[in-house]
Amino acid sequence: MQAIQEISIRGKTFIPFIKSAEIEKIVKELSEKIHRHYGGRTPVFVGVLNGVIMFFSDFLKNYPGNCEIAFIQLASYHDNTCSSGKVNIISNWPVDLTDREVVVFEDIVDTGTTLKKIHKMIQDQKVKSSKVATLFFKPDVYKSDLPIDYIGRPIPNRFIVGYGLDFDGMGRNIPDIYQLKD
Ligand code: IMP
Ligand code: MG
């Protein structure tokens, strides 16, 4: 039997969860699905920094249509591996979104607190439409009733790192997804 390749980040042990080849497939499918909706038009894809970097970049490489991109940066505060429910805006909309079709890209939706904050931020803009795309979603802990239009993959309520997602600032550069060992 092959040994499980555990990794250690800041003293915590993580075990393999989703390989980069599988993530690639999920992201490609999302690109095609979103293109089926927006193809022929020019939506603005907004990445929520920092966690979205890898997902956003791979999504864009696979997106065959016209688009513009923008970023917002939010910081959600975590007590170790649990959402604290506090979200701060570090950087707001950099482009005029009046009358634009907007898709907000998140690495992961957990409790939905960040999404709620983004939804409020969008309400201040005069967008034509807005949708949300997330690579990962934890349905067991989602507390909001805001719809999530595009979900890459629902996952159990376990803390994950890699592919842009961090544990205490570390692990974003790992190509695969690992999950916290209990
Ligand atoms: P929410 O506001 O509770 O939905 O949490 C959203 C944010 O918390 C995400 O954008 C991530 O930055 C972070 N987060 C939630 N779950 C995880 C996880 O399992 N690993 C790493 N970051 C996470
Ligand atoms: Mg995030």
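Every number for a ligand or one of its atoms is a count from 1 in the order of the listing. Every heavy atom of this structure was used, including side-chain atoms; hydrogens, water molecules and symmetry mates were not. Bear in mind the structure is a predicted one, so any value in this text is a computation, not a measurement.
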Requested in this report: Sequence neighbours left out, what passes side chain to side chain donor-acceptor pair (under 3.5 Å) with Glu24? Give chain and number order.
Outcome: none

Requested in this report: Decide whether the shortest distance between a heavy atom of Gly51 and an atom of ligand 1 is less than 4.0 Å.
Outcome: no

Query raised in the report: Can Arg153 be said to sit on top of Tyr163's aromatic six-ring, NZ or CZ under 6.0 Å from centre and within 45° of the ring axis?
Result: no

Query raised in the report: Using a heavy-atom cut-off of under 4.0 Å, does the side chain or the backbone of Asp107 touch ligand 1, or both, or neither?
Result: side chain

Report summary line: Looking only at non-hydrogen atoms, the one of Ile160, Val141, Thr134, Asp166 nearest atom 20 (N) of ligand 1 is Ile160

Requested in this report: Have a look at Leu74, Val48, Asp110 and point out the one with the heavy atom closest to atom 16 (N) of ligand 1.
Outcome: Asp110

Query raised in the report: Under 3.5 Å, N or O to N or O, is Val109 touching ligand 1 that way?
Result: no

Query raised in the report: Numbering the atoms of ligand 1 from 1, which are under 4.0 Å from a heavy atom of Lys138?
Result: 16 (N), 17 (C), 18 (C), 19 (O)

Report summary line: The atoms of ligand 1 lying under 4.0 Å from a heavy atom of Thr111, numbered in the order shown, are 1 (P), 2 (O), 3 (O), 4 (O)

Query raised in the report: So, Tyr63 versus Phe45, ring centres under 6.0 angstrom or not?
Result: yes

Report task. Look at the rings of Phe167 and Phe159 and say which category their plane angle falls in: under 30° parallel, 30 to 60° tilted, over 60° perpendicular. Result -> perpendicular

Query raised in the report: Which atoms from ligand 1 have a heavy atom of Leu165 less than 4.0 Å away?
Result: 20 (N), 21 (C), 22 (N)

Query raised in the report: Is there a side-chain contact between Ile15 and Gln179, using heavy atoms and a 4.5 Å cut-off?
Result: yes

Query raised in the report: Does some side-chain heavy atom of Ser130 sit less than 4.5 Å from a side-chain heavy atom of Val104?
Result: no

Query - Nearest-option assignment for atom 6 (C) of ligand 1, heavy atoms, candidates Thr113, Thr114, Ile155 - result: Thr114

Requested in this report: For Phe71, check ring pair (Phe, Tyr, Trp, His ring centres under 6.0 Å) against everything at least two apart and list the hits.
Outcome: Phe56

